[in-house]
Structure formats: C-alpha cells, structure tokens
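Down below is the structure, laid out as structure tokens.
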Amino acid sequence: MNQEQKYLMKRIWKAHLESLAFHLCRVFPVRKRKIVFCCIEGTTGYTCNPKYIAEEFIRRELENPGKLSDSYELVWLANDVTGEFPERIRVARNTLWNRAYELSTAHFWIDNSRKQLEVRKRRGQVYIQTWHAKLGFKPTCLDRGESFSRIAYLVSQHDSDMIDYVLSNSKWYDKTLPTGMLYNGPVLRTGSPRCDILVKAGKDAIFKREIKTQLFKQYGICSQPENVHFLMYAPTFRGGSQNTEREIAIGENFPDFQKVIDSLGKRFGGEWIILLRLHPQLVVRKLNREKQKAESALQKKLIDVSQVADMYGILAGCDAFMTDYSSAAFDAAVMNIPVFLYCDDYREYEQERGKLLWDLKGLPFPLAQNDMELGEHIAGFDEMKYRMELQELFESVQMLEDGRASERVVEFICRF
C-alpha cells in the first residue's frame, strides 16, 4: 500500500468515525425554518454568495417585520466566531459537534464550497450549493485530468451526492457542472448573489461613491475623493500546499506595482491606489522595516485588504481590476470597469493545474505576461472596444447578472 492509499484510508476511516456525530444528532428534529450558512469550510467568515443571501433575508425582515424573515433562524458556521456578523445571525463555532448539530437540525444548507467528508444529510433537508465561482478560468474536478487527486474526487463526489440545487449564472456554467463539479442534478439560474452589489455599483454612481467614501475612511486616505481611483489586484492561489506564502513585493508572480500605478495615471488620469487582495489560502508576510522605508512612497498607494472577509464590498468601489486566473475577473466585468490579466507563469500554471477553460488571448481582458506588456495594454486600453467585446461575451454564454440573484434565491427558499 503506497502513501496515497494509506492517506486515503485514513481519511475514510476518520470520516466514518466522525459521521457518528451526525447520526447521533438525528434524535433532534429538523426545524423547518432553520438555515445554516457556511463559506470555504468555515475559514473565511461572513462573505461570498451565502452572505448576500443572508443579507436579503435581513433586508426583507427590516422592510416587512413580522411577515417573513423574522420567522427564519439564520445560523452561520465559522472557525472564527469573533469576526463581524449581523446581530440577526447566530454564529456557531465550526467544530465537529456544533457542525453535526446545526446541520442535522436545519431544513436548509447554504454553502459555497464542499462539505466535509464526515457530513451526513437527512431526508427532507435541502442543500443549496452556491459555489465560489461561476464563469472561471481554472479547471476543477474531472477537468483537471491527472492532477485531480483521489481524495479530492472522494470529497467532491460525497458533497455532490448531497446537493439538491446548484446556483448558476449562465448556460456556459450549466454545461461545466457534470465534469467540473461531478453534478448532474437540478440547477437554479438565479445569477450570483455576490455580484448583486457589483451590478448596483455599475449602474448607480451615488452608491459607488458611498462605497469609495467608506474606503477612504477605513484606510485613512487623505486625498480628494473625486481624484482618486482604485484598482484591486487579486492573484489566485497557486500550488497544492495550504501554507504557500507570498510577499507584498515585486516578484513571485506579482507585477511591478509602481509601473502599474504610473501607467494607470497616464492613461486614465487622477491618482491611483492598488488594493491588494490575496487569496484566502495565501498567507500575507509583512514587509520588513527596511523595505517599508525604501518603498514608503509605494506603500502609501498599495493597501493590503486581504484580511477583510468580503472582497465584494470593496470591489464595488473599484475603478479597475487585475488578476491572473481568478474567476473574479468575470465578476468585476459586470461593472464594465477595465479588467487586466497579468500571467507571467501562464505555461507553468497550466502544467500544474491543467488546461484552462478559456483561451485567455480570446477574451476581452488584455493579457500580459510581463511588466512591459502590462504597461502597453494599460496605455492602449480601448474602452469602447472593450465594452462591445464584453457584451458579446456575456451574450454568448447567456449570462444572467442583473442584481436580483439574492432575491431569487430567497423567494425560492420561501416556497418550501
């Protein structure tokens, strides 16, 4: 028996043992109007699609007290219970027994990633999988080919077997589900709840200005608001290690931030600030004092927002977006803001992850593989051409993102 087989057997036996907690919790009845939310196995707090669905319940309660949401019990499983959550939501620490009790007694589960291998669902419970990406670059599950490990297959299939509905925002996404998620069940074409705030920001200038004002206050920016623009840079996770580290510095697949800022200023005018948003699985290492002194001018225009639970509340205030392989590129594009791709490890990434789902060169987003190309793409950005190509892209995949996704999900739940 090789190492992989030993690890697989260990995980299977551990899951069987821990599943006893779920079987024992079946002595408690399922509460018809209880909903349990979770994100990325409890690691990322109040964020992503589940957050905006919960927000819709709370909004309806405030507008119609006593009629709808106040009769629903909203529970959130989180590893860190000290994070910021609305008072309306009861936060439960994501331990085995808490997880078993809360999930076993809830009528509805709402998640954006895979449930753990020990989780067991009861008859009559409804599991709505929102996932954390819709249109995206990265292959998942069977689309990864040989890089899709046996344990990943086991966890994915176990989770998919429990799912009752998957949220979708496009015909393109529907087609990816059998191989990209090992799922062949019912699909709800609702749009992405987390994109509702972006759709609103793209249409409502006053709303977007309010978000930018909040960012100014939160990060102590002293410049004139009307002259400052934000670009969010959100590189994706690389490698299989959960302990991968990245520095807030030039190198390690990062562009030259100062050149990016200069290029944006020349092309679009005004003062530009980069909001650095690392993937939740990356660990941010603080710059040492010497580097802070040497790059003090840059640091004032490079703000780390990685520790904020929800990136979409920040992204809604941004004027441009840059990533490498993150599906957030498609999300940001619903605001019609410029989206740039910086992929200096394009070939290496495909070798590690598997062939990407899109030909990056055929998308509306300018693709750069080095700093010089990135500067040229920013300088030559054609807004009219970009918006026309975006419209063609969204029409070709039959995308639905109209700002009403959360509303549709809540209405669906309330019909049960």
Side-chain angles (χ1 to χ4, degrees), residues 39 44-49 51-52 54-55 58-59 83-86 192-236 246 248 254-255 257-258 260-265 267-280 282 284 286-287 292 295-323 326 328-340 342 378 403 406:
C39 281
T44 56
Y46 191 52
T47 184
C48 202
N49 293 308
K51 169 187 173 177
Y52 290 96
E55 294 279 296
I58 295 171
R59 183 190 70 79
E84 293 186 9
F85 290 86
S192 308
R194 70 183 186 182
C195 286
D196 289 348
I197 190 173
L198 303 184
V199 174
K200 184 175 181 180
K203 295 179 178 179
D204 188 339
I206 295 177
F207 176 70
K208 184 162 188 171
R209 194 179 308 124
E210 290 174 351
I211 294 177
K212 294 184 78 168
T213 300
Q214 293 173 7
L215 292 175
F216 272 74
K217 292 179 180 179
Q218 185 172 355
Y219 296 104
I221 300 171
C222 301
S223 304
Q224 293 297 321
E226 62 273 10
N227 192 49
V228 174
H229 309 289
F230 293 111
L231 173 140
M232 177 180 284
Y233 174 50
T236 194
R246 299 285 178 194
I248 305 175
F254 283 1
F257 292 125
Q258 189 60 60
V260 172
I261 290 170
D262 293 341
S263 298
L264 290 168
R267 169 59 183 85
F268 300 103
E271 177 184 344
W272 283 80
I273 293 175
I274 294 178
L275 304 177
L276 178 62
R277 176 73 183 190
L278 296 181
H279 191 280
L282 301 185
V284 183
K286 299 298 182 182
L287 293 171
Q292 284 181 331
E295 301 179 1
S296 58
L298 173 60
Q299 296 307 311
K300 291 179 181 179
K301 296 186 177 183
L302 179 61
I303 300 174
D304 178 19
V305 298
S306 305
Q307 303 306 314
V308 178
D310 178 38
M311 70 173 278
Y312 284 77
I314 297 176
L315 179 56
C318 291
D319 306 284
F321 182 78
M322 181 167 65
T323 185
S326 171
F330 294 96
D331 294 344
V334 304
M335 293 192 290
N336 284 316
I337 62 174
V339 174
F340 300 97
Y342 181 78
I378 294 174
S406 301

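Residue numbers count from 1 along this sequence.
In terms of the side chain to side chain contact (heavy atoms under 4.5 Å, CB included) criterion, residue partners of Ser326 (sequence neighbours excluded) are, by chain and number, Thr236, Thr323, Ala328. With sequence neighbours left out, the ring pair (Phe, Tyr, Trp, His ring centres under 6.0 Å) criterion links Phe268 to Trp272, Phe381. Every side chain to side chain contact (heavy atoms under 4.5 Å, CB included) that Asn336 has, sequence neighbours left out, goes to Arg387, Leu390. Every side chain to side chain donor-acceptor pair (under 3.5 Å) that Ser406 has, sequence neighbours left out, goes to Asp196. Here Glu210 pairs with Ile206, Phe207 under the side chain to side chain contact (heavy atoms under 4.5 Å, CB included) rule; sequence neighbours left out. The ring pair (Phe, Tyr, Trp, His ring centres under 6.0 Å) test applied to Phe230 returns Phe216, not counting sequence neighbours. Listed by chain and residue number, Arg194, Asp331 satisfy the side chain to side chain donor-acceptor pair (under 3.5 Å) test with Tyr312 (two or more places apart in sequence, or in another chain). In this structure, Asp204 has no side chain to side chain donor-acceptor pair (under 3.5 Å) partners at least two apart in sequence or on a different chain. Looking at residues two or more places apart in sequence or on another chain, you find a side chain to side chain donor-acceptor pair (under 3.5 Å) between Thr47 and Asp310.
Interatomic distance, CG of Leu231 versus CD1 of Ile273, reported as 11.5 Å (0.5 Å rounding). How far NZ of Lys51 is from OG1 of Thr44: 11.5 Å, rounded to the nearest 0.5 Å. Note that the CD1 atom of Ile303 and the CD1 atom of Ile221 stand 4.0 Å from one another [nearest 0.5 Å]. Note: Leu198 CG to Ile337 CD1 = 8.0 Å, rounded to the nearest 0.5 Å. Distance check, rounded to the nearest 0.5 Å: CG of Leu276 to CE of Met322 gives 9.5 Å. Here NE2 of His229 is found 13.0 Å from CD1 of Ile261. Values are rounded to the nearest 0.5 Å.
Using a 4.5 Å heavy-atom threshold, the side chains of Val308 and Glu84 count as separate. Looking only at side-chain heavy atoms (C-beta outward), Pro86 and Glu55 come within less than 4.5 Å of each other.
A donor-acceptor pair under 3.5 Å links the side-chain atoms of Lys212 to the main chain of Val228, judged by distance alone. Under the 3.5 Å distance criterion, the side-chain polar atoms of Lys208 are left unmatched by any main-chain donor or acceptor of Lys203.
In this pair, Tyr46 and Phe85 present their aromatic rings tilted. The plane angle is within the 30 to 60° band.
Contact record, Cys48 with Cys39: CB-SG, 4.2 Å, taken as the closest heavy-atom pair. Nearest heavy atoms, Gly313 versus Tyr52: N-OH, 3.6 Å.
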As a quick check of understanding, evaluate ring-ring contact (aromatic ring centres under 6.0 Å, His included) for Tyr342 and Tyr233, giving each step before the final call. CA-CA 10 Å; Tyr342 181 78; Tyr233 174 50; 7.3 Å; no
